Protein chains: 2
Amino acid sequence: MTSKQEFIEKLRNSSLRPTKQRINICEVLFNRDKTFHFTINDLFNLIKDKTGENVSLATVYNTVHAFLKKGYLKEIPINSNQTYFDTNVTDHHHFFDVKEEKLIDIKNEDVGPIEIQKSIPGKKIKSVEVLVKLED
Amino acid sequence: MTSKQEFIEKLRNSSLRPTKQRINICEVLFNRDKTFHFTINDLFNLIKDKTGENVSLATVYNTVHAFLKKGYLKEIPINSNQTYFDTNVTDHHHFFDVKEEKLIDIKNEDVGPIEIQKSIPGKKIKSVEVLVKLED
DNA sequence: CTTTAATATTATAATTATTCTAATCTCTTT
DNA sequence: AAAGAGATTAGAATAATTATAATATTAAAG
């Protein structure tokens, strides 16, 4: 259980103002044991449910993007009508269950080393992400 | 140079009616040497430019989705506000130049074998796709 | 060959996802 | 405490995608 005070510090330390909207969003996102995969809409609904307070959808977008930039969230490359995010910001990969539209983490250790034998002049590799689509 | 007649046959053979809208879309998509990465909007604009005819945006969506289902196009898993597609339907991977928002194919041979040492009961692997993000 | 009926396709209209910006809040400086 | 500077919020606007009524295509019958 992380306290509200810790979220306030976390926000201040990354020069994000600790507004009540952001603290509510932190409660929903980071007050959990397991990694959490979500869309903006999932998060929006959970905020209402869990905190009883209303945060506008635009603010959820703003905050998620601010957290992304600070490295508190990761965007998951997947084709869906909605963008998926992950609270697990370590280097890892994903299964995507196409039928159930569900994401599952794959630890980096569970994927053999990936060798890219091609390079683009003037560019360097920022990240390598694997998406494994699952069917029945 | 592929002829209009060939597109008509291709469409008929996959039980898609060869409407003039679809033929125009085929001209833009498949009348080229190199693989082509595009968004629905790119395609919509190219149709107007290249054929001089107007096809509604909704029809572009419909047709791209029909072609996807028939296996004539591939959807590229990437996080962008718009969905990207590829005329290269062989098994391959992508670089994504984050700054320029540009996709580059990586041939399957240029990526070492990818071993997934985790499995999900009752599910089998449908595809494995690698996205390599590039920065300067 | 037409005509007709069944079905597929198109494109407008509706919906959903995301971003823009004026009003508001937070924080620093005094 | 008050004010100014800048950050944040949320309503309004825009952009992306989908649903459906109107239209077009095709196969079958005459």
Side-chain angles (χ1 to χ4, degrees), chain A residues 4-5 7-29 37-48 51 53-70 72-73 75-85 101, chain B residues 4-5 7-29 37-48 51 53-70 72-73 75-85 101:
Chain A
K4 187 179 280 198
Q5 203 44 237
F7 292 135
I8 292 175
E9 277 164 41
K10 183 179 178 162
L11 288 165
R12 278 237 174 73
N13 289 339
S14 28
S15 51
L16 292 172
R17 292 181 178 172
T19 62
K20 75 173 173 6
Q21 289 91 336
R22 280 177 177 166
I23 294 161
N24 283 334
I25 293 172
C26 282
E27 304 265 16
V28 175
L29 284 180
H37 297 130
F38 65 95
T39 66
I40 296 285
N41 244 283
D42 294 338
L43 181 53
F44 177 70
N45 291 321
L46 280 171
I47 293 163
K48 241 188 303 208
T51 72
E53 291 184 53
N54 262 30
V55 174
S56 82
L57 193 56
T59 297
V60 180
Y61 273 92
N62 287 332
T63 303
V64 165
H65 287 142
F67 286 0
L68 259 188
K69 201 183 296 181
K70 294 294 177 185
Y72 300 146
L73 291 174
E75 199 173 353
I76 305 173
I78 198 183
N79 284 119
S80 168
N81 52 334
Q82 296 195 162
T83 307
Y84 274 83
F85 301 91
E101 293 213 344
Chain B
K4 188 178 277 197
Q5 202 45 238
F7 292 135
I8 292 176
E9 277 165 39
K10 185 180 177 161
L11 288 165
R12 276 239 172 71
N13 289 338
S14 28
S15 51
L16 292 172
R17 292 180 179 174
T19 63
K20 75 172 172 5
Q21 290 90 337
R22 279 176 179 166
I23 293 161
N24 283 334
I25 292 171
C26 281
E27 303 264 18
V28 176
L29 285 180
H37 297 129
F38 65 95
T39 66
I40 295 286
N41 244 284
D42 294 338
L43 182 54
F44 177 70
N45 292 321
L46 281 172
I47 293 162
K48 241 188 303 208
T51 72
E53 292 185 51
N54 262 30
V55 174
S56 83
L57 193 56
T59 298
V60 180
Y61 273 93
N62 286 334
T63 304
V64 165
H65 287 139
F67 286 0
L68 260 188
K69 203 183 295 181
K70 294 294 178 186
Y72 300 146
L73 291 174
E75 199 173 353
I76 305 173
I78 200 183
N79 283 119
S80 169
N81 50 336
Q82 297 194 163
T83 306
Y84 275 83
F85 301 91
E101 294 214 345

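Every chain is numbered from 1 and lettered A, B, ... according to where its sequence line falls, protein lines coming before strand lines. As the structure is a computational prediction, the values presented were derived from the model and not from experiment.
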Measure from the side-chain N and O atoms of [X] to the backbone N and O of [Y], and report whether any donor-acceptor pair falls under 3.5 Å.
| X | Y | answer |
| --- | --- | --- |
| B/N54 | B/K48 | no |
| A/R12 | A/P18 | no |
| A/T51 | A/E53 | yes |
| B/S14 | B/L11 | yes |

Just how far, in rounded Å, is [atom2] of [N] from [atom1] of [X]?
| X | N | atom1 | atom2 | value |
| --- | --- | --- | --- | --- |
| A/L16 | D/dT9 | CG | C1' | 14 Å |
| B/N62 | D/dT18 | CG | P | 10 Å |
| A/N81 | D/dT18 | CG | C1' | 10 Å |
| A/I25 | D/dT9 | CD1 | C1' | 10 Å |
| B/Q82 | D/dA15 | CD | P | 10 Å |
| A/Y61 | D/dA15 | OH | C1' | 11 Å |

Of A/T39, A/L73, A/T83, the residue whose pairing with A/V64 passes side chain to side chain contact (heavy atoms under 4.5 Å, CB included):
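Exactly one pass, corresponding to A/L73.
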
Please work out if B/T59 contacts a base, only the sugar-phosphate, or nothing of the nucleic acid, heavy-atom cut-off 4.0 Å.
base

Heavy atoms under 4.0 Å, any strand shown: does B/L57 hit a base, just sugar-phosphate, or nothing?
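Base contact.
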
Nearest 0.5 Å, please: how far is CD in A/E101 from CG in A/N81?
7.0 Å

From CG (A/N45) to CG (A/N41), nearest 0.5 Å:
5.5 Å

Indicate whether OP1 or OP2 belonging to D/dG6 is found under 4.0 Å from a side-chain N or O atom of A/R17.
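So the side-chain polar atoms of A/R17 never come under 4.0 Å of the phosphate oxygens OP1 or OP2 of D/dG6.
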
Please tell me which of B/K20 and B/T83 maps to the more 5' nucleotide of DNA chain D, matching each residue to the nucleotide holding its nearest heavy atom.
B/T83

For a 4.0 angstrom threshold against heavy atoms of chain A, report the outermost contacting nucleotides of DNA chain C in 5' to 3' order.
C/dA17 to C/dC27

Of all heavy-atom pairs linking B/L43 and B/F38, the shortest is CD2-CE1, 3.7 Å

Under a 3.5 Å cutoff, is there a donor and acceptor pairing between the side chains of B/N62 and B/T59?
no

In residues 38-46 of chain B, which ones come under 4.0 Å of DNA chain C, going by heavy atoms?
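Here the set is empty: none.
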
Using heavy atoms to find the nearest nucleotide of DNA chain C for B/P18 and A/T19 separately, return the residue whose nucleotide is more 5′.
B/P18

